[in-house]
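Just so it is clear, the values below take in all heavy atoms, side chains as well, and ignore hydrogens, waters and symmetry mates. Residue numbers run from 1 in the order of the sequence given.
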Amino acid sequence: IEYNILLLLMRHPGRVYSSSQIYELVGAEIVVESGGAQVKSGGGTVSMEQLMVWDPDVILFAEGSIYDSAGEDPAWSGLTAIREGRFYEIPTEPYNWLGRPPGPNRIVGVRWLGNLLYPEVFDCDAVREVQAYFRLFYRYELSDREAEELLARSTGKAAGASSEGG
(Lines give C-alpha, C1' and ligand atoms only; values in the text may rest on other atoms or scores of the structure.)
Protein backbone atom coordinates (compact mmCIF):
# COMPACT_ATOMS: atom_id res chain seq x y z
CA ILE A 1 0.00 0.00 0.00
CA GLU A 2 1.32 3.41 -0.87
CA TYR A 3 0.36 6.43 1.20
CA ASN A 4 1.43 9.44 -0.72
CA ILE A 5 -0.73 12.10 0.88
CA LEU A 6 -0.17 13.46 4.31
CA LEU A 7 -2.08 16.13 6.18
CA LEU A 8 -0.81 17.74 9.32
CA LEU A 9 -3.34 19.13 11.75
CA MET A 10 -1.94 20.76 14.79
CA ARG A 11 -3.35 22.00 18.08
CA HIS A 12 -6.19 24.08 16.72
CA PRO A 13 -8.79 22.57 14.39
CA GLY A 14 -8.36 23.99 10.94
CA ARG A 15 -4.77 25.16 11.55
CA VAL A 16 -2.21 23.42 9.35
CA TYR A 17 1.55 23.47 9.80
CA SER A 18 4.16 21.94 7.58
CA SER A 19 7.78 20.94 8.20
CA SER A 20 8.31 19.28 4.87
CA GLN A 21 11.88 18.02 5.35
CA ILE A 22 10.93 14.96 7.35
CA TYR A 23 8.06 14.00 5.08
CA GLU A 24 10.28 14.29 2.03
CA LEU A 25 12.88 12.06 3.68
CA VAL A 26 10.39 9.22 4.06
CA GLY A 27 8.80 9.76 0.64
CA ALA A 28 5.45 11.15 1.79
CA GLU A 29 3.58 13.84 -0.06
CA ILE A 30 2.03 16.65 1.96
CA VAL A 31 -1.37 17.77 0.78
CA VAL A 32 -0.76 21.30 1.99
CA GLU A 33 1.56 23.21 -0.30
CA SER A 34 4.16 25.02 1.77
CA GLY A 35 3.98 28.07 -0.51
CA GLY A 36 0.22 27.90 -0.92
CA ALA A 37 -2.39 30.24 0.41
CA GLN A 38 -3.35 27.75 3.14
CA VAL A 39 -0.01 27.99 4.88
CA LYS A 40 1.50 31.34 5.79
CA SER A 41 4.16 32.07 8.38
CA GLY A 42 4.33 28.45 9.45
CA GLY A 43 0.58 27.84 9.61
CA GLY A 44 -2.71 28.64 8.01
CA THR A 45 -6.41 28.07 8.36
CA VAL A 46 -8.13 25.33 6.41
CA SER A 47 -11.87 24.73 6.12
CA MET A 48 -13.52 21.32 6.47
CA GLU A 49 -14.54 21.66 2.82
CA GLN A 50 -10.88 21.95 1.81
CA LEU A 51 -10.02 18.92 3.94
CA MET A 52 -12.71 16.97 2.11
CA VAL A 53 -11.23 18.03 -1.25
CA TRP A 54 -7.75 16.92 -0.16
CA ASP A 55 -9.14 13.73 1.45
CA PRO A 56 -5.78 12.67 2.94
CA ASP A 57 -4.75 9.02 3.28
CA VAL A 58 -3.10 9.76 6.63
CA ILE A 59 -3.62 12.49 9.21
CA LEU A 60 -1.11 13.34 11.90
CA PHE A 61 -2.41 15.29 14.87
CA ALA A 62 -0.35 17.20 17.41
CA GLU A 63 -0.60 16.67 21.13
CA GLY A 64 -3.55 18.57 22.56
CA SER A 65 -5.46 18.50 19.28
CA ILE A 66 -8.79 16.91 18.40
CA TYR A 67 -7.17 13.48 17.98
CA ASP A 68 -9.37 11.90 20.68
CA SER A 69 -12.64 13.06 19.15
CA ALA A 70 -11.87 13.02 15.41
CA GLY A 71 -12.79 9.36 14.96
CA GLU A 72 -16.22 9.87 16.50
CA ASP A 73 -17.00 13.26 14.96
CA PRO A 74 -19.46 12.95 12.03
CA ALA A 75 -17.88 16.00 10.38
CA TRP A 76 -14.60 14.08 10.05
CA SER A 77 -16.07 10.70 9.10
CA GLY A 78 -16.03 11.48 5.37
CA LEU A 79 -12.23 11.65 5.30
CA THR A 80 -10.48 8.50 4.10
CA ALA A 81 -7.83 8.67 6.85
CA ILE A 82 -10.47 8.82 9.58
CA ARG A 83 -12.75 6.23 8.03
CA GLU A 84 -9.86 3.78 7.57
CA GLY A 85 -8.28 4.48 10.96
CA ARG A 86 -5.06 5.97 9.60
CA PHE A 87 -4.82 8.94 11.94
CA TYR A 88 -2.22 9.29 14.62
CA GLU A 89 -0.86 11.65 17.23
CA ILE A 90 2.74 12.74 16.74
CA PRO A 91 4.90 11.67 19.70
CA THR A 92 6.20 14.63 21.68
CA GLU A 93 8.48 13.35 24.40
CA PRO A 94 10.64 15.05 25.35
CA TYR A 95 9.95 17.32 22.33
CA ASN A 96 7.86 17.01 19.17
CA TRP A 97 9.36 14.35 16.89
CA LEU A 98 8.44 16.10 13.64
CA GLY A 99 7.80 19.75 14.34
CA ARG A 100 9.06 22.44 16.58
CA PRO A 101 11.49 23.00 18.00
CA PRO A 102 13.66 21.42 15.31
CA GLY A 103 16.18 19.23 17.02
CA PRO A 104 17.51 15.73 17.52
CA ASN A 105 14.05 14.25 18.10
CA ARG A 106 13.57 14.51 14.36
CA ILE A 107 16.03 11.61 14.03
CA VAL A 108 13.68 9.21 15.80
CA GLY A 109 10.78 11.00 14.10
CA VAL A 110 12.03 9.99 10.65
CA ARG A 111 12.27 6.34 11.72
CA TRP A 112 8.84 6.45 13.41
CA LEU A 113 7.10 8.13 10.46
CA GLY A 114 8.84 5.95 7.89
CA ASN A 115 7.84 2.80 9.75
CA LEU A 116 4.29 4.10 10.21
CA LEU A 117 3.78 4.89 6.51
CA TYR A 118 6.11 2.43 4.80
CA PRO A 119 6.89 -0.49 7.14
CA GLU A 120 8.17 -2.59 4.22
CA VAL A 121 10.92 -0.02 3.65
CA PHE A 122 11.50 1.25 7.20
CA ASP A 123 11.42 -2.18 8.78
CA CYS A 124 12.01 -1.75 12.50
CA ASP A 125 10.57 -2.45 15.93
CA ALA A 126 9.31 0.97 17.02
CA VAL A 127 9.66 0.22 20.74
CA ARG A 128 13.29 -0.92 20.32
CA GLU A 129 14.09 2.07 18.08
CA VAL A 130 12.73 4.52 20.63
CA GLN A 131 14.60 2.80 23.46
CA ALA A 132 17.87 2.88 21.51
CA TYR A 133 17.32 6.55 20.67
CA PHE A 134 16.65 7.53 24.30
CA ARG A 135 19.69 5.53 25.44
CA LEU A 136 21.98 7.23 22.91
CA PHE A 137 20.70 10.81 23.01
CA TYR A 138 19.32 11.17 26.51
CA ARG A 139 21.30 8.49 28.38
CA TYR A 140 18.01 7.18 29.69
CA GLU A 141 16.95 3.54 29.77
CA LEU A 142 13.36 3.67 28.59
CA SER A 143 11.42 0.62 29.83
CA ASP A 144 9.20 -1.37 27.47
CA ARG A 145 6.17 0.09 29.24
CA GLU A 146 7.43 3.67 28.92
CA ALA A 147 8.20 3.19 25.23
CA GLU A 148 4.80 1.62 24.57
CA GLU A 149 3.05 4.48 26.39
CA LEU A 150 5.06 7.01 24.39
CA LEU A 151 3.94 5.34 21.15
CA ALA A 152 0.39 4.39 22.14
CA ARG A 153 -1.39 7.28 20.47
CA SER A 154 0.88 7.21 17.43
CA THR A 155 -0.05 3.70 16.32
CA GLY A 156 -3.28 2.72 18.10
CA LYS A 157 -5.99 4.03 15.77
CA ALA A 158 -4.81 2.06 12.74
CA ALA A 159 -4.38 -1.14 14.73
CA GLY A 160 -7.87 -0.80 16.16
CA ALA A 161 -9.38 -0.10 12.77
CA SER A 162 -7.74 -3.05 11.06
CA SER A 163 -8.95 -5.50 13.69
CA GLU A 164 -12.48 -4.15 13.25
CA GLY A 165 -12.36 -4.37 9.50
CA GLY A 166 -11.59 -0.63 9.01
Side-chain angles (χ1 to χ4, degrees), residues 1-93 95-100 102 105-106 108-122 124 126 129-130 148-166:
I1 298 174
E2 183 174 320
Y3 303 115
N4 59 3
I5 299 175
L6 192 61
L7 175 68
L8 308 176
L9 293 176
M10 301 311 259
R11 290 186 185 273
H12 307 288
R15 297 281 299 172
V16 177
Y17 297 82
S18 171
S19 297
S20 63
Q21 292 173 320
I22 291 176
Y23 309 100
E24 291 168 5
L25 284 172
V26 300
E29 181 182 335
I30 301 174
V31 200
V32 180
E33 295 178 20
S34 61
Q38 298 87 7
V39 180
K40 296 178 183 173
S41 301
T45 302
V46 176
S47 68
M48 183 55 77
E49 291 78 19
Q50 182 62 59
L51 292 177
M52 293 295 177
V53 170
W54 286 332
D55 193 23
D57 294 322
V58 176
I59 298 176
L60 300 178
F61 289 100
E63 180 182 38
S65 69
I66 60 169
Y67 168 83
D68 286 326
S69 62
E72 306 300 321
D73 187 333
W76 289 78
S77 65
L79 295 170
T80 299
I82 300 296
R83 196 172 51 253
E84 296 183 3
R86 290 192 305 260
F87 60 103
Y88 313 93
E89 187 173 80
I90 300 168
T92 58
E93 295 299 326
Y95 303 102
N96 189 301
W97 290 12
L98 302 181
R100 296 183 178 144
N105 275 9
R106 288 188 176 186
V108 73
V110 167
R111 295 289 292 173
W112 165 76
L113 184 61
N115 182 255
L116 184 72
L117 299 177
Y118 306 108
E120 67 284 353
V121 175
F122 291 85
C124 67
E129 285 284 324
V130 170
E148 290 164 1
E149 286 176 4
L150 187 68
L151 293 166
R153 297 166 64 84
S154 66
T155 58
K157 294 291 185 183
S162 63
S163 67
E164 298 168 7

For side chain to side chain contact (heavy atoms under 4.5 Å, CB included), just list the numbers for R153 and D68, CA-CA rounded to whole Å, side-chain angles, deciding distance to a tenth of an Å, and then say yes or no.
CA-CA 9 Å; R153 297 166 64 84; D68 286 326; 2.9 Å; yes
Taking the side chain as every heavy atom from C-beta outward, state whether [X] and [Y] have any pair of such atoms under 4.5 Å apart.
X	Y	value
L151	W112	yes
N105	N96	no
I66	D73	no

If every non-hydrogen atom of [X] is compared with every non-hydrogen atom of [Y], which pair is closest and at what distance?
X	Y	value
F122	R111	CD2-NH1, 4.3 Å
A81	I59	CB-CG1, 3.6 Å
E63	T92	OE1-OG1, 3.2 Å
A70	W76	O-CB, 3.5 Å

Exercise. How many angstroms lie between CD in E93 and CG in L150, if you round to the nearest 0.5 Å?
Worked result: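 Here the rounded value is 6.5 Å.
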Who pairs with [X] by side chain to side chain donor-acceptor pair (under 3.5 Å), at least two apart in sequence or on another chain?
X	value
N115	none
T80	D55, R83
W97	none

Applying side-chain contact (heavy atoms from CB on, under 4.5 Å), name anything that partners E149, two or more places apart in sequence or on another chain.
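With neighbours one apart ignored, the set is R145.
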Test side-chain contact (heavy atoms from CB on, under 4.5 Å) applied to M52 - qualifying residues, sequence neighbours left out: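 So M52 forms a side-chain contact (heavy atoms from CB on, under 4.5 Å) with M48, L79.
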For Y95, I'd like to know if atom OH has over 12 heavy atoms of other residues, nucleotides or ligands within 6.0 Å.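 12 or below, so no.
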*Ignoring hydrogens and geometry, is there a side-chain-to-backbone donor-acceptor pair from Y88 to L116 under 3.5 Å?*
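Not confirmed, Y88 side chain does not pair with L116 backbone.
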